[in-house]
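Encoded as C-alpha cells, the structure appears first; notes follow it.
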Amino acid sequence: MSDNAKLQKVILPPDVLDLSFGEPVVVMKALFKQLNCFGNPFKMPNLYDLPKWTYQPAAGKPDFVGILEEKYGARVVVCNGAKQALAAALYAFRKAGLKSCFYDSPYYPANPSIIESVGLTWADQSSADSFLITSPNNPCGKNLSNIDITKWCHKGPVVHDAAYYTEIYLPQDQIPIPLGHIQVFSMSKMYGLSGLRIGYAVVYDEKYYKDVVDYIETTTAGVSTASQDIARNIELFFRDNPKYLAEFQREAREAIAKSRNLLTLLDPDVLQPEPCDSNSMFAWCKTGPKLNNKAAKVHILPGEIFGKPGYMRLNIAYPPEVIAEAIKRLNDNKI
C-alpha cells in the first residue's frame, strides 16, 4: 500500500477518537457561526437551472475564477482539491522541460506519488531544477518567512504549497503575499470545508497556465459546479463583509491555539510535542516508549508515511474538549 493510500478516510468504531485526518473541524465551526450571523449565503442553484449544472471551462466557472483572479491578481485554475492542483502545477513544470524536483522531509505523503505521476524525479536541493515548498508544513508546522520562500525562487521554478498559508495558520506577524511561480491553495484548510473538494492554482508565470488547465481537462474535465457555486458564495460573502472574515479567522486561530496549549498535559513517555513556529492544525510529536494509542482508542498517523519514523501526527483542529479526552486516554493507556 502506498503512503498516499494510507491517508484515505476510513470508517472507525464510534468510540475511537480520530485525530488522523486533516479536517479542521474548529475552522468549519467558526465559519458557520459567522455565516449564520449574516443569514445563510449558501444559495444553491435551482436543480432545474440546467446551465448551472453543465460542464464548465476546465479552468473553472468564470464567475468563480473571476473573483479569485481579482483577489490574487493572476491567472487561476480551479481544481479538485489542492492535491490535484499540486499535480497540475508539477505537470506544467515537466511539460516545460524540467526533470527533477526537491521537497523537504517530513513531507505530505502524496508528494512522492505526485512527483512520480507527472514524470519528475526527486533530487536534492543542490541538483534539482524545480522546487516544491510547503509552508507552513504538513505535518510538522515548520514555517518559512516570506523572504525565505522568495529566496527559493532564485534557485529555480517554485510551487508554493500554500494550503496552510492563511491568517488562521500563519504566525500573526506574517502577511500572506504572492509567492512562487505557482501558488496552490485549499478551501479545505482555508474554510474547513474538506468535502467541498475545491483547491486552486494561482499561476503567476503565464507560461505554465495552459499546461495546468490541460491537466485538469485531461484528468477530470473540470470541477463540480455545485462545489464551485458554494465556494464562490463564500468568497463573495467575505469580500463584501471583511469584518466577518476577520472574526472567523480570529476564532479559528484561537480554537487551534487553545487545543495546542493542552499538549503540555501529554506524558512525554507517550508523546512529546515538537516546538511549532506556526499555528499548525497538527501536533508533530516524538513517539514515546510507552505509547499505546490503539489501546487508548485514539487514531493518529505514524511519521513513517511522512518520511520521518519515530514521530506521530495528531490533528488538533478539534474542540479542546475532544483533544483533552484524547490526551487523557493516551496518558491512561501507557504500555
Side-chain angles (χ1 to χ4, degrees), residues 3-10 12-13 15-27 103-112 134-144 161 163-165 168-171 188-189 192 194 252-335:
D3 287 343
N4 190 23
K6 292 176 184 176
L7 270 184
Q8 292 181 7
K9 188 80 171 180
V10 295
L12 297 166
D15 60 343
V16 175
L17 293 177
D18 189 358
L19 305 185
S20 66
F21 225 70
E23 293 179 341
V25 176
V26 292
V27 177
Y103 55 85
D104 207 352
S105 176
Y107 50 76
Y108 178 56
N111 286 356
T134 304
S135 183
N137 182 271
N138 173 11
C140 68
K142 178 182 177 182
N143 183 66
L144 300 176
D161 180 352
Y164 302 93
Y165 187 74
I168 292 173
Y169 308 105
L170 284 170
S188 297
K189 310 309 178 189
S194 303
R253 278 189 68 88
E254 290 181 358
I256 292 172
K258 188 173 182 179
S259 289
R260 181 169 296 280
N261 288 337
L262 293 172
L263 297 175
T264 58
L265 301 176
L266 274 168
D267 185 329
D269 284 336
V270 174
L271 288 170
Q272 187 169 354
E274 289 282 273
C276 183
D277 53 9
S278 68
N279 193 47
S280 175
M281 64 174 281
F282 300 114
W284 183 239
C285 303
K286 287 184 179 179
T287 303
K290 296 184 177 180
L291 174 66
N292 192 359
N293 59 290
K294 289 185 179 179
K297 294 186 177 181
V298 177
H299 185 46
I300 53 182
L301 294 178
E304 285 85 351
I305 69 171
F306 303 97
K308 203 153 187 176
Y311 289 81
M312 301 293 282
R313 192 196 78 172
L314 294 72
N315 177 1
I316 59 171
Y318 277 84
E321 59 270 21
V322 176
I323 303 302
E325 172 62 18
I327 291 171
K328 182 179 184 302
R329 291 189 185 189
L330 290 166
N331 288 345
D332 290 348
N333 285 273
K334 294 183 289 187
I335 294 174

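Residues take their numbers from the sequence shown, with the count starting at 1.
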Item to check | Check: Ser259 side chain, Tyr318 main-chain N or O, donor-acceptor pair, under 3.5 Å | outcome: yes

Checklist entry - Within the side chain of Arg313, is there an N or O that forms a donor-acceptor pair under 3.5 Å with the backbone of Ser20? => result yes

Checklist entry - Going by the angle between their ring planes, with limits at 30° and 60°, are Phe306 and Trp284 parallel, tilted or perpendicular? => result perpendicular

Taking every non-hydrogen atom, the tightest pair across [X] and [Y]:
X      : Y      : result
Pro289 : Ile335 : O-CD1, 4.0 Å
Ala252 : Ile168 : CB-CD1, 3.8 Å
Gly22  : Ser194 : O-OG, 4.0 Å
Ala283 : Leu263 : CB-CD1, 3.5 Å
Pro106 : Lys308 : CD-CD, 4.0 Å
Val25  : Pro319 : CG1-CD, 4.4 Å

Nearest 0.5 angstrom please: [X] [atom1] to [Y] [atom2], how far?
X      : Y      : atom1 : atom2 : result
Ile323 : Leu265 : CD1   : CG    : 11.5 Å
Cys285 : Leu291 : SG    : CG    : 9.5 Å
Thr134 : Tyr103 : OG1   : OH    : 10.5 Å
Tyr165 : Leu144 : OH    : CG    : 10.0 Å
Arg253 : Leu170 : CZ    : CG    : 7.5 Å

Taking side chain as C-beta onward, heavy atoms only, is [X] less than 4.5 Å from [Y]?
X      : Y      : answer
Ser278 : Tyr169 : no
Pro302 : Met312 : yes
Lys189 : Asn138 : no
Asn315 : Met281 : yes
Ser280 : Pro136 : no
Leu330 : Asn293 : yes

Checklist entry - Taking atom types as modelled, is there a side-chain donor on Arg260 or Asn279 under 3.5 Å from an acceptor on the other? => result no

Checklist entry - His299 and side-chain contact (heavy atoms from CB on, under 4.5 Å): which partner among Leu12, Leu19, Leu17? => result Leu12

Checklist entry - Phe282 and Leu314: side-chain contact (heavy atoms from CB on, under 4.5 Å), yes or no, with the steps? => result CA-CA 5 Å; Phe282 300 114; Leu314 294 72; over 6 Å; no

Check: residues 266-277 side-chain donor-acceptor pairs under 3.5 Å, at least two apart:
from, atom 1, to, atom 2, distance (Å)
Asp267, OD1, Asp269, N, 2.8
Asp267, OD2, Lys334, NZ, 2.9
Asp277, OD1, Asn143, N, 2.9

Item to check | Partner residues of Arg329 under the salt bridge (Lys or Arg N to Asp or Glu O under 4.0 Å) criterion, sequence neighbours left out | outcome: Glu325

Item to check | side-chain contact (heavy atoms from CB on, under 4.5 Å) between Lys258 and Val26, worked out | outcome: CA-CA 11 Å; Lys258 188 173 182 179; Val26 292; over 6 Å; no

